Amino acid sequence: MSLVTATIPTPDGAFTATFTAGGLAALDFPAADVSQPKPLAADTPGAQCDWLETTRRALLAVLAGKKPNRLPPLDLTRGTPFQQAVWQAMTAIPAGETRTYGELARAIRRPRAVRAVGRACGANPVPVLVPCHRVLAAGGRLGGFSAGLDWKRRLLAREGVMPRA
DNA sequence: AATCGTCGTTCTT
DNA sequence: AAGAACGACGATT
C-alpha cells in the first residue's frame with residue numbers, strides 16, 4: 001500500500017498527515033523536534049491532493065474550535081473491529097460536546113468494556129478530526145490523552161468546554 | 001485513598 | 001498458542 005505524507009502548518013505547529021489509497025489514515029501532532037515542512041511530491045494522485053486540502057481546512061477549523069464543513073475520507077481499516085467501532089462512535093460527538101468513556105462503551109454495545117474503550121481512544125490514528133479529545137472520564141474529570149493532557153485541555157478550551165478541575 | 005470488576009490488546013512464555 | 005500483565009475507566013468501600 002502506497003503511503004503519502006505531508007505536513008500541514010497551523011498556528012499550533014506542523015501536523016503530519018498520512019494518506020493511503022483509501023483516505024486519511026493518520027494525523028500526527030507536531031513533533032517536538034523542528035523538522036522541515038514536507039511538501040507533496042509532484043506525482044501525488046489528484047485525489048490525495050484534494051484530500052490534503054480538505055484535511056487542512058478541517059484541521060484548522062477544529063483547532064479554531066469550529067465544526068469542519070467536511071472531512072476527508074478516513075481510512076480507519078488499520079484497527080481491530082473493536083477499535084474501529086470506538087473510532088466510528090467518536091466521530092458522532094459534535095464540537096463543543098463531550099461523552100464519557102462509559103457512554104462510548106454503551107454506544108457500541110459493550111457497556112462493560114469501559115477500560116478497553118479508553119485503550120482504543122488512545123490508539124486513535126486520526127486525533128483532532130476523530131475527536132478523541134471530547135471523551136472525558138466520569139464526573140467531568142479530564143481523563144488521559146496520549147499526546148499529553150495539555151493538548152486535550154487546549155482543544156477542549158477552543159470549543160468552550162471547561163473540564164472540572 | 002485503596003480495591004475490585006471488567007475486557008481488548010500487548011507482552012511473555 | 002496460551003497465559004499474564006496492563007490500561008486515556010467506573011463503582012464501591
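Keep in mind that what you see is a predicted model, and the values were worked out from it rather than measured. In what follows, chains carry the letters A, B, and so on, assigned in the order in which the sequence lines appear, proteins first and then strands, with residues in each chain numbered from 1.
Between Arg99(A) and Glu97(A), some side-chain heavy-atom pair lies under the 4.5 Å cut-off. Residues Leu129(A) and Pro72(A) form a side-chain contact, since some pair of their non-hydrogen atoms from C-beta on lies under 4.5 Å apart. Using a 4.5 Å cut-off on side-chain heavy atoms (C-beta onward), Asp150(A) and Phe145(A) make no contact. Taking the side chain as every heavy atom from C-beta outward, Leu40(A) and Cys49(A) approach each other to under 4.5 Å.
Going from atom CZ of Arg115(A) over to atom P of dG5(B) covers 13 Å, rounded to whole Å. The nearest whole Å value for the distance from the CZ atom in Arg110(A) to the C1' atom in dC7(B) is 10 Å. Gln83(A) places its CD atom 13 Å from the C1' atom of dC7(B), with the value rounded to the nearest Å.
Contacts of Arg112(A) with the nucleic acid, taken as non-hydrogen atoms under 4.0 Å apart, involve only primed sugar atoms and P, OP1 or OP2. Using a 4.0 Å heavy-atom distance criterion, Gly102(A) is classed as a sugar-phosphate-only contact. At the heavy-atom level, Phe145(A) lies under 4.0 Å from base atoms of the strands shown.
Separating the CZ atom in Phe82(A) from the CH2 atom in Trp87(A) is a distance of 11.0 Å, to the nearest 0.5 Å.
On the nucleic acid side, DNA chain C contacts chain A at distances under 4.0 Å to non-hydrogen atoms, with the end points of that region at dC6(C) to dG10(C).
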- Kindly determine whether Leu27(A) and Phe15(A) satisfy side chain to side chain contact (heavy atoms under 4.5 Å, CB included), including the steps that lead there. CA-CA 7 Å; Leu27(A) 187 62; Phe15(A) 286 68; 4.2 Å; yes
- Query: Under a 3.5 Å cutoff on both atom distances, Watson-Crick or G-U, what's the dot-bracket for DNA chain C ([ ] crossing, | other strand)?
  - Reply: |||||||.|||||
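Leu155(A) and Leu60(A) are members of different hydrophobic clusters when ILVMFWY side chains are connected at heavy-atom separations under 4.5 Å.
The residues Lys66(A) and Glu159(A) are annotated as not salt-bridged, no charged nitrogen and carboxylate oxygen being separated by less than 4.0 angstrom.
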